[in-house]
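Worksheet: one structure, shown below.
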2 protein chains.
Amino acid sequence: MTADRGTPASARGGSAPTLEMVAAHAGVSRATVSRVVNGSPKVSPDVVEAVQAAIAVLNYVPNRAARSLASRRTQAIALVVPESTAKVFNDPFFATLVQGIGLALADTDYTLSMLIESEAASDKTRKYLLGGNVDGALVASHHTGDHSYAHVSRALPVVFGGRPLDPGEQVNYTVDVDNAHGAEIATEHLVERGRQRIATIGGPQDMPPGVDRLRGWRNVLDRAGRTSDLVEFGDFSPESGAIAMRRLLERDPTIDGVFCANDQMAMGAYAAILETGRTIPGDVAVVGFDDDRYASMAVPPLTTVHQPSLQMGEVMARTLVRLIAGEDVPSATLLSTQLVVRASS
Amino acid sequence: MTADRGTPASARGGSAPTLEMVAAHAGVSRATVSRVVNGSPKVSPDVVEAVQAAIAVLNYVPNRAARSLASRRTQAIALVVPESTAKVFNDPFFATLVQGIGLALADTDYTLSMLIESEAASDKTRKYLLGGNVDGALVASHHTGDHSYAHVSRALPVVFGGRPLDPGEQVNYTVDVDNAHGAEIATEHLVERGRQRIATIGGPQDMPPGVDRLRGWRNVLDRAGRTSDLVEFGDFSPESGAIAMRRLLERDPTIDGVFCANDQMAMGAYAAILETGRTIPGDVAVVGFDDDRYASMAVPPLTTVHQPSLQMGEVMARTLVRLIAGEDVPSATLLSTQLVVRASS
DNA sequence: TTGTAGGCGTTATCAA
DNA sequence: TTGATAACGCCTACAA
């Protein structure tokens, strides 16, 4: 295996075999080869065999660009994530989401292409989407950014994960988790456990889940006639959770329960609580949101709201595939959540 | 914004504007438009302006398939990760790696397309790579799987992250971390701290980092005339780390130091150590490897070997880009590591 | 069941 | 500096 160093990709040895070469090798026309490659039913068995043999011998793989140009579709879909790379990878939510998408796509022969909106690449992404690279797009965001992709949905089937920030803007095709209800059952759980001073570490208020989870917490306290002023905000990172928790404990040292808008902030809260000599759940009960893989490994294991991210990925992908096929799909799907009680509450 | 429901992507309103339409609109030939789009220097200023105006008006975006077909290059590179989706996303190493790649690619106009080798899609990936979808590929693996992509490097420029498992197989263009040396400084640190019974939780022995880090640990103990038999293996997950640690403590309750082949297993070891009533580092000193974001958040903060994953991503990407351009690049690059001493040792 | 031929949207080679 | 005019590799009526 000698190095091809210095050789431009376009000029590699023998270059890629084309459909025409296969046709010649098999002694048939290009059309017939095309039929075999695309699994057309009306080709005689022996011809199929001959063509497949030729394909194997030449190690032929159809050129996607050519195929896409001719057929006007790419068999690829994009997953757009308007977040920084760091956030995407450190948020276990995305892991499961992508897994769900992959699962749903495994049956099909769609290819997934991830576009992570890092630093300055917004226009690059737009061009990619509009440049005929994909048959459709999945936009998975917890961010305002959502509606910045609303315009592409005029040129391409798009399914959004999470509702738009502004309920007014009617974005078609969204799949969302019932965040408010999840926060409610979490907070109710703290109330039922007899906690008196229940605080919350809220997520960013420019992200729907941040808003909805805060609202759920507030709903329960309001209904119970409690005050709902013990709020500090974080950015969903562990660090921010620790900072927020420290502030809360300074503001009110009698806090005995806290609902964190996600598990990572809950992990930060753990650190902040423990460093004051308080115990969990003895002094402060903690409930998170997401049920990520660290939740059960924490000491003590974290009570949290399970986020159906796998299911969300699956539903998003299936919805998009059906949309591309021109089928009728529901405009919005809401997935339910569930409380997982562990030792932290 | 009405829904395009039921409309195949190929038949959307007005469809995508083509180069030809721009040409007509600007009153020039297609060739000229192409020149403007590609920034050719030999076009008169006024023509450039007219064409750009037409592009703006029509909201034109070049079709990639057509461009790629004609130019025989895609301006896209693939990142192949032969791991399950879950692993990729839960391993903070990849987060930083991808970030580094993204950083290096931001300057260029290459697009990154991530191929995560989930469940059964190996052939899909191969076809993607060989189907002319990308100009080159980055293979980031901790896995044996490495050499299964060796053959694509005959058809495409490929840069591997991590050395191949078998030193014999000369894979060109690798960027790797000096794992053995990292493990050595970690173990030396435990020795210097006066630890007497130093165990290790090794990674999978079918992955180079697993092998190299174990070797580093062993080197130091052998040189110090200590026994190096206190080994249990994990799969780099927290759970496996906990299990391995329990076994170690059962085998030898006098263990007072442990080097874990990665931070996630160290987190598992923490749990296993603490659940026996032992303290860290009082009873057992723990050192990890990777310096992931949880390492510093742990209680106590974890001493670990910093992995230059950001740099690795950057170097890999830059190397590939140069390779595609036909430049000369070093066949192997080794990045150095560094010990970060925190409270766990 | 198979082959012929035109076209998909760009780039690139020649002339002009 | 610009414009015709072939490719690029494949798909798909239409014809045989």
Side-chain angles (χ1 to χ4, degrees), chain A residues 8-12 14-51 54-55 58-75 127 130-133 135 155, chain B residues 8-12 14-51 54-55 58-76 127 130-133 135:
Chain A
S10 52
R12 260 151 211 288
S15 74
T18 70
L19 195 157
E20 177 150 27
M21 294 166 65
V22 175
H25 194 98
V28 298
S29 74
R30 294 179 306 170
T32 299
V33 176
S34 177
R35 290 188 187 101
V36 172
V37 168
N38 294 297
S40 163
K42 22 189 71 181
V43 184
S44 66
D46 37 330
V47 173
V48 171
E49 200 170 344
V51 172
I55 288 177
L58 298 177
N59 200 17
Y60 167 75
V61 175
N63 179 304
R64 271 234 168 143
R67 175 184 287 208
S68 147
L69 188 57
S71 68
R72 301 172 115 308
R73 62 176 151 179
T74 63
Q75 292 296 69
K127 282 207 175 119
L130 265 37
N133 280 321
D135 294 338
Chain B
S10 52
R12 259 150 214 288
S15 75
T18 69
L19 195 155
E20 178 150 27
M21 294 166 64
V22 175
H25 194 97
V28 296
S29 74
R30 295 179 303 171
T32 299
V33 176
S34 178
R35 289 188 188 102
V36 172
V37 168
N38 294 297
S40 163
K42 21 189 76 182
V43 183
S44 65
D46 36 331
V47 174
V48 170
E49 200 170 345
V51 172
I55 288 176
L58 297 177
N59 199 18
Y60 167 77
V61 175
N63 179 304
R64 273 230 174 160
R67 174 184 286 208
S68 147
L69 187 57
S71 68
R72 298 170 116 312
R73 64 180 149 175
T74 64
Q75 291 297 71
K127 282 206 175 118
L130 266 38
N133 281 327
D135 294 337

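A note on names: the letters A, B, ... follow the listed sequences, proteins ahead of strands, and every chain is numbered from 1. For clarity, every value in this text was computed on a predicted model and none was experimentally measured.
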Taking distance alone, no hydrogens or angles, what donor-acceptor pairs closer than 3.5 Å link side-chain atoms of residues 20-29 of chain A to residues at least two apart or in another chain?
| unit_1 | atom_1 | unit_2 | atom_2 | d |
| --- | --- | --- | --- | --- |
| Ser29(A) | OG | Ala31(A) | N | 3.4 |
| Ser29(A) | OG | Thr32(A) | N | 3.3 |
| Ser29(A) | OG | Thr32(A) | OG1 | 3.3 |

Please list, one pair per line, the donor and acceptor atoms closer than 3.5 Å that link side chains of residues 58-70 of chain A to other protein atoms, with sequence neighbours excluded.
| unit_1 | atom_1 | unit_2 | atom_2 | d |
| --- | --- | --- | --- | --- |
| Asn59(A) | OD1 | Arg126(B) | NH2 | 3.0 |
| Asn63(A) | OD1 | Ala65(A) | N | 2.7 |
| Asn63(A) | OD1 | Ala66(A) | N | 2.9 |

Mind listing the side-chain donor-acceptor pairs of residues 37-47 of chain B below 3.5 Å, one per line with the distance, residues two or more places apart or on another chain?
| unit_1 | atom_1 | unit_2 | atom_2 | d |
| --- | --- | --- | --- | --- |
| Asn38(B) | ND2 | Ser34(B) | O | 2.8 |
| Asn38(B) | ND2 | Ser34(B) | OG | 3.4 |
| Ser40(B) | OG | Lys42(B) | N | 3.4 |
| Ser44(B) | OG | Asp46(B) | OD1 | 3.3 |

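Closest heavy-atom contact between Thr74(A) and Asp135(A): N-OD1, 2.7 Å.
The distance between atom CD of Gln75(B) and atom P of dT11(C), rounded to the nearest whole Å, is 11 Å. We find that CD of Glu20(A) is positioned 13 Å from P of dG3(C), with the value rounded to whole Å. Counting to the nearest Å, the C1' atom of dT11(C) and the CG atom of Asn63(A) are 15 Å from each other. Rounded to whole Å, atom P of dT1(D) lies 11 Å from atom CG of Asp46(B). If you measure from atom CG of Leu19(B) to atom P of dA4(D), you get 14 Å, rounded to the nearest angstrom.
Fit an axis to the five pairs at each end of the helix from dT1(C)-dA16(D) to dA16(C)-dT1(D) and the two axes sit 30° apart, to the nearest 10 degrees.
Residues from residues 34-45 of chain B placing a heavy atom under 4.0 Å of any atom in DNA chain D, listed by number, are Arg35(B), Lys42(B), Val43(B), Ser44(B).
Residue Val28(B) is classed as a sugar-phosphate contact, given heavy-atom separations below 4.0 Å to backbone atoms only.
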Distances under 3.5 Å between protein N/O atoms and the N/O atoms of nucleotides 6-8 of chain D, please, pair by pair.
| unit_1 | atom_1 | unit_2 | atom_2 | d |
| --- | --- | --- | --- | --- |
| dC8(D) | O2 | Ala70(B) | N | 3.2 |

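Of the side-chain N and O atoms in Thr18(B), none sit less than 4.0 angstrom from OP1 or OP2 of dG9(C).
Taking every side-chain heavy atom of Thr32(B) into account, dG3(D) is the closest of dT4(C), dG3(D), dC11(D).
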